[in-house]
Amino acid sequence: MPHYTKQDIMHLVEENNVEFIRLQFTDVFGTLKNVAITARQLEKALDNKCMFDGSSVDGFVRIDESDMYLYPDLDTFSIFTWRSSRGRVARLICDVYRPDGIPFEGDPRGVLKRVLRKAVKMGYNFCVGPECEFFLFHTDEEGRPTTVTHEKAGYFDVAPLDLGENARRDIVLTLEEMGFEIEASHHEVAPAQHEIDFKYTNALKTADNIMTFKLVVKSIAKRHGLYASFMPKPVSNVDGSGMHINMSLWKNGKNIFADSKGHLGISKEGYHFLAGILRYAPEMTLITNPLINSYKRLVPGYEAPIDVTWSTSNRSPLIRIPAARGVGTRLELRSPDAATNPYLALAVCLAAGLAGIEEELEPGPHNVGNLYEMTHEEKEAMGIRSLPRDMRESIRAFRNSAFMKEVLGDHIFYKYISAKKAELRSYQSQVTDWEINEYLYKI
């Protein structure tokens with residue numbers, strides 16, 4: 001990761017004929033925002049003097065306290081390589097501050113940085129590698145997104161079955177031009193569904209990368225006449241799109257989850273971290289699975305977890321420990337989807353894991369059976385808890401969590417509850433096509 005000074009940024013902008021710079025930030029609910037400036041205003045922005053109206057951003061502040069400032073993270077400077085070489089566009093990811101120079105408590109990036117500071121005090125570096133899935137759909141005659149695809153391809157299929165191969169290749173090449181190290185890309189299980197995996201790195205850079213990744217995927221897909229959707233379950237009766245989070249803790253340059261003498265090659269710290277996430281998983285679900293639609297993915301039979309368990313090779317539990325050991329030892333959290341705010345998702349994962357280490361929690365025995373085939377009674381006898389089944393359950397678990405309130409802070413905690421309650425009320429007031437098809441001619 002490069003380390004830039006203000007002079008470096010000014011030089012790069014001039015050398016690469018950059019005319020516009022997007023000062024990017026992310027709102028509470030994971031939506032990318034930006035204030036665009038010309039190169040002539042860059043020095044002002046680099047001096048942290050770029051102001052914006054925070055009251056216009058969902059989940060930020062009221063109209064009577066609207067002035068906010070963007071503080072660019074210089075190391076996030078990147079040029080949008082898919083834009084024209086004439087009048088090029090670059091970006092800087094920013095932290096959000098109040099006018100008095102205090103970090104804004106509603107800035108999700110600031111929440112993650114706060115939890116990361118705690119990890120550093122404990123001697124840890126938190127590294128994350130995401131597995132990002134998405135769909136490529138056709139647009140209609142007016143360019144609006146649909147859920148239509150002519151494709152019938154499945155897992156690992158290739159062209160000509162995989163009709164999105166060219167778009168996916170261009171996405172990968174664009175990401176690599178922007179400094180991503182792409183480990184793999186392939187067609188996923190459902191028609192028109194794809195996955196691109198990039199190399200793990202420290203959690204803050206990973207969260208930044210996820211936001212950049214989604215922007216690139218959508219932008220390149222549009223150039224191919226397609227619409228890229230990260231909606232968790234856009235199509236019924238096929239697999240939904242997840243964003244598995246692969247996590248590891250490092251200390252003095254070593255992966256501390258690895259222990260060749262430990263049970264299954266995992267260290268005590270690794271098991272404690274795992275136990276912490278298991279303990280707080282139901283409370284975290286509103287963050288990792290934030291939409292009404294998220295819970296259409298978390299159903300039996302579609303490779304998404306529904307219960308709070310762990311395993312090694314079994315893919316039905318919530319957390320899987322992949323076969324790799326040594327530097328590759330990691331925990332794979334399988335419930336999150338790409339609708340999540342990555343800064344908040346990684347913050348709550350790390351906080352839960354650190355709590356597990358501090359309290360020396362134990363995860364219990366790992367699961368070796370197919371959870372989808374177990375009855376409710378069998379799970380109950382084994383003491384297996386379930387993830388929230390819908391938004392209502394998820395809100396309840398989150399609202400009653402002192403832990404989530406502590407990690408996120410009062411501002412985000414209460415803004416999140418208020419917004420998700422409103423989303424649920426809106427959903428409950430709608431009459432769906434399913435209801436019309438199921439009831440109209442019967443009653």
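Here the structure is a predicted model, which is why all the values come from computation and not from measurement. Any value given below was found using the heavy atoms of this structure, including those in side chains, with hydrogens, waters and symmetry copies removed.
The CZ atom of Arg22 sits 5.0 Å away from atom CZ of Phe80, with the distance rounded to the nearest 0.5 Å.
Residues Phe20 and Thr38 form a side-chain contact, since some pair of their non-hydrogen atoms from C-beta on lies under 4.5 Å apart.
A distance-only check finds a donor-acceptor pair linking the side chain of Asn255 to the backbone of Thr329 [under 3.5 Å]. Within the 3.5 Å criterion, the main-chain N or O of Ala190 finds no donor-acceptor partner in the side chain of Asp239. Between the Thr149 side chain and the Phe137 main chain, no donor and acceptor come within less than 3.5 Å of each other. The backbone N or O of Leu163 lies less than 3.5 Å from a partner atom in the side chain of Glu151, making a donor-acceptor pair. For the pair Asp337 (side chain) and Met243 (backbone), a donor-acceptor distance under 3.5 Å is absent.
Checked against Phe273 for a side chain to side chain contact (heavy atoms under 4.5 Å, CB included), the options Leu350, Leu361, Leu278 give a single hit: Leu350. The side chain to side chain donor-acceptor pair (under 3.5 Å) test with Arg168 is passed by exactly one of His194, Glu195, His186: His194. For the side chain to side chain contact (heavy atoms under 4.5 Å, CB included) criterion with Pro317, the lone passing option out of Ile384, Thr312, Thr309 is Thr309.
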**Message:** One pair to check against side-chain contact (heavy atoms from CB on, under 4.5 Å): Glu332 and Ile245. What are the steps and the verdict?
**Reply:** CA-CA 6 Å; Glu332 178 191 13; Ile245 298 176; over 6 Å; no
**Prompt:** Does the pair Phe25 and Arg109 meet the rule for a side-chain contact (heavy atoms from CB on, under 4.5 Å), with working shown?
**Reply:** CA-CA 8 Å; Phe25 62 100; Arg109 198 170 189 261; over 6 Å; no
**Request:** Check the pair Arg392, Ile395 against side-chain contact (heavy atoms from CB on, under 4.5 Å), reporting the backbone distance first and the verdict last.
**Result:** CA-CA 5 Å; Arg392 183 184 297 278; Ile395 291 173; 6.0 Å; no
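Figure legend: Lys233 and Tyr302 shown as a cation-pi pair, the cationic atom lying under 6.0 angstrom from the six-membered ring centre and within 45 degrees of its axis. A cation-pi arrangement is not found for Lys405 relative to Phe403, the charged atom failing to lie both closer than 6.0 Å to the ring centre and inside a 45° cone about the ring normal. A cation-pi arrangement, defined by a distance under 6.0 Å to the six-membered ring centre and an angle within 45 degrees of its axis, is present between Lys214 and Phe230.
Looking at Ser386 and Arg389, their side chains do bring a donor and an acceptor atom within 3.5 Å of each other.
Counting non-hydrogen atoms of neighbouring residues, nucleotides and ligands closer than 6.0 angstrom, the NZ atom of Lys118 exceeds 12 such neighbours.
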